[in-house]
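Computed from a prediction, not measured in an experiment: that's the story for all the values here. Convention: sequence-line order gives letters A, B, ...; per-chain numbering from 1.
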Protein chains: 2
Amino acid sequence: MCKRTNPRGGRTGRPRSTEADTAILEATRAALVELGWSKLTMGDVAGRAGVAKTTLYRRWANKNELVVDAVAVLFDELELPDLGSLQADIEHVVLQFAALLERPETKTALMAVVAESTRDEPLRERIRASIVDRQKRLVLAGRERAQQRGELPDEHPVSTVAALDDLIFDVVAGAVVHRALVSAEPVDEPWAARLSALLLGGLGAAAAH
Amino acid sequence: MCKRTNPRGGRTGRPRSTEADTAILEATRAALVELGWSKLTMGDVAGRAGVAKTTLYRRWANKNELVVDAVAVLFDELELPDLGSLQADIEHVVLQFAALLERPETKTALMAVVAESTRDEPLRERIRASIVDRQKRLVLAGRERAQQRGELPDEHPVSTVAALDDLIFDVVAGAVVHRALVSAEPVDEPWAARLSALLLGGLGAAAAH
DNA sequence: GCCTTTCGCTACAGGTCGTAGCGTAACTCC
DNA sequence: GGAGTTACGCTACGACCTGTAGCGAAAGGC
C-alpha cells in the first residue's frame with residue numbers, strides 16, 4: 001500500500017533514464033535548427049536522440065510541450081547585471097533577449113508555441129511558468145533597482161506598481177519580438193538605445209505628475 | 001503567339017470562379033474559428049466551401065498563404081479617425097487593434113503565420129504586404145498629424161523620422177500583441193491609457209533635447 | 001528472487017498532404 | 001458556331017506523420 005519510503009517518492013521499478021531526457025531535448029533543439037517548427041516530427045527527434053518514439057510519448061504528450069521544454073532552458077541565460085543606470089540595464093536586457101530570439105531554435109519555436117497556446121490552456125500555463133515568468137522577473141528586479149537608485153519615484157499603491165511592471169514587460173518584450181520577428185529588422189545597439197530612451201522618457205514624464 | 005488582346009490580359013479559357021474565391025476565404029475563417037490553426041486542414045476548408053480540394057491548390061500553394069489571405073481582409077477595418085489629440089488617436093488605434101486580436105480567427109492565425117514566416121521568405125513578404133504595412137500606415141499618419149498639431153517637434157533628417165516611425169510601430173503593435181497573446185490579459189481602456197501615456201511621455205521627453 | 005516500471009522494437013489504424021488523371025464546363029478568339 | 005484553352009469536380013493514390021498497442025528484455029527497489 002504505502003510505498004513512499006524511498007528517495008524517489010515511493011516510485012518503484014526501473015527509473016527514467018536522465019540521459020534519454022537530455023538527449024531528447026538536445027535532439028529537439030537540433031531538429032528545430034535544421035528543420036524548423038513545422039517540419040519537426042516526433043519520429044525524427046526520436047531518431048536523433050537514439051531513442052524509441054514511444055519513449056518520447058511517455059514523457060511528453062505532444063510536440064508542443066516537448067518544444068517548450070526544449071527551448072525553456074535557453075532562457076536561463078537571461079540575467080540582469082547591475083550596470084549602474086536604468087538606461088544601461090534596459091539596453092542590456094533588450095540586447096540579451098534579442099540575441100536569444102536570433103537563435104534559429106527560439107526564432108522558429110517561440111511564436112509557434114505561443115500561437116498554439118491560444119487554444120490550449122495547459123500549454124499556455126506551461127509557457128508562462130517556464131519562459132514568460134523567467135523574463136518578467138528581470139523587469140521586476142530592474143524596476144526595484146531603479147527605485148533604490150532614485151531613478152524612479154516610489155509608488156505607494158501596490159496595484160499601481162504591478163500594473164506598471166506588467167506594462168513595461170509587455171512593451172519591452174513585445175517591442176523586441178515584434179522588431180525581430182514581424183518587422184524582421186535587426187535589434188542592435190542603436191535601436192536598443194532608442195527604445196530605452198523612449199521608455200525612460202515615458203517613465204520620467206509619468207513621475208512628473 | 002501574342003494573345004494579349006482581351007480585357008483579361010491575354011488569358012483565354014474558362015476564368016477562375018470568384019464565387020469560389022470568396023467561399024474558400026470565408027470557409028477558411030470559419031474553420032479557423034471552429035478548429036484553430038493547427039487542426040485546420042485543406043480538405044476541411046474545401047468541404048466547407050463546397051469546392052474540390054484541387055481547386056484550393058490551384059490558388060494557394062499551402063495552408064500558410066491561404067490563411068494569410070483569409071485573415072488579411074479583416075485588417076481593412078483599421079482606421080485612424082482624427083480624435084483631436086495624439087493621446088486619443090493612440091488609444092483608439094490600440095483598442096481597435098486589440099479588438100481584431102480578440103477575434104478567434106486572428107488570435108489563432110496571426111502568430112502562427114508569423115512563426116512560419118521565420119523560415120519562409122515569400123510568406124514573410126506576403127504578410128508584410130497584406131497585413132503589416134496596412135497597420136504601419138496608421139502609425140505614419142498619426143505621427144504626421146501630431147506634428148501638424150504641434151504635439152511633436154519637426155525632425156529634419158528623414159532617416160531619423162523613419163527610425164522613429166519604426167520604433168513607435170514596433171512598440172505599439174508589439175505591446176498589444178504581447179499583452180493579448182503572451183500575457184493573455186485584456187487590452188482595455190485603462191491599459192490603453194497607460195500605454196499611450198507612457199508613449200507620449202517618451203516622445204515628449206525626446207523632444208526636450 | 002519478486003515486483004514494478006521503463007526500454008527498444010515492431011506493427012498498426014487513422015488522418016493529412018499534395019499530385020495525377022479523367023471527363024466536363026465555361027469562356028475567347030477566329 | 002467551332003476550335004482552342006483553361007478551370008472545375010471527382011477519384012485515386014503514395015508518402016508521410018500521429019499516437020497507441022503488444023511484446024520481450026533491462027534496470028531498479030524491496
Gap separating the CG atom of B:L200 from the CG atom of B:L86, nearest 0.5 angstrom
4.5 Å
Would A:K107 pass as a cation-pi partner of A:W37, given that its NZ or CZ must be under 6.0 Å from the six-membered ring centre and within 45 degrees of the axis?
no
Between residues 43-64 of chain B and DNA chain D, which residues have a heavy-atom gap below 4.0 Å?
B:G50, B:V51, B:A52, B:T54, B:T55, B:R58, B:R59
Is it true that [X] and [Y] make a salt bridge, defined as a side-chain N closer than 4.0 Å to a carboxylate O?
| X | Y | answer |
| --- | --- | --- |
| B:R126 | B:D69 | yes |
| A:D89 | A:R149 | yes |
| B:K136 | B:D165 | no |
| B:D44 | B:R48 | yes |
| A:E77 | A:R103 | yes |
| B:R16 | B:D21 | no |

To the nearest angstrom, how far is [X] atom [atom1] from [N] atom [atom2]?
| X | N | atom1 | atom2 | answer |
| --- | --- | --- | --- | --- |
| A:L40 | D:dT18 | CG | C1' | 13 Å |
| A:R16 | C:dT4 | CZ | C1' | 14 Å |
| B:E19 | C:dA25 | CD | C1' | 14 Å |
| A:K39 | C:dC17 | NZ | P | 15 Å |

Scan nucleotides 24-27 of chain D against the protein and return all N/O pairs shorter than 3.5 Å with their distances rounded to 0.1 Å.
| from | atom 1 | to | atom 2 | distance (Å) |
| --- | --- | --- | --- | --- |
| D:dA26 | N3 | A:R14 | NH1 | 3.1 |
| D:dA27 | O4' | A:R14 | NE | 3.4 |

Side chains of A:R119 and B:S38 in contact at under 4.5 Å (non-hydrogen atoms):
no
Is there side-chain contact between A:I168 and A:V172, with heavy atoms separated by less than 4.5 Å?
yes
Counting N and O atoms only, with roles assigned by atom type, does the side chain of A:T108 sit under 3.5 Å from a partner on the main chain of A:E105, one being a donor and the other an acceptor?
no
Looking at DNA chain C, which of residues 27-36 of chain A put a heavy atom within less than 4.0 Å of it?
none
For residues 92-100 of chain B, tabulate all N or O donor-acceptor pairs below 3.5 Å that involve a side-chain atom, not counting sequence neighbours.
| from | atom 1 | to | atom 2 | distance (Å) |
| --- | --- | --- | --- | --- |
| B:Q96 | OE1 | B:E79 | N | 3.4 |

For the helix from C:dG1-D:dC30 to C:dC30-D:dG1, what is the angle between the axes at its two ends, each from 5 pairs, rounded to 10°?
30°
Hey, can you pull the donor-acceptor pairs under 3.5 Å for the side chains in residues 189-199 of chain A, sequence neighbours left out?
| from | atom 1 | to | atom 2 | distance (Å) |
| --- | --- | --- | --- | --- |
| A:S196 | OG | A:Q87 | NE2 | 3.1 |
| A:S196 | OG | A:E91 | OE2 | 3.4 |
| A:S196 | OG | A:A192 | O | 3.1 |
| A:S196 | OG | A:A193 | O | 3.1 |

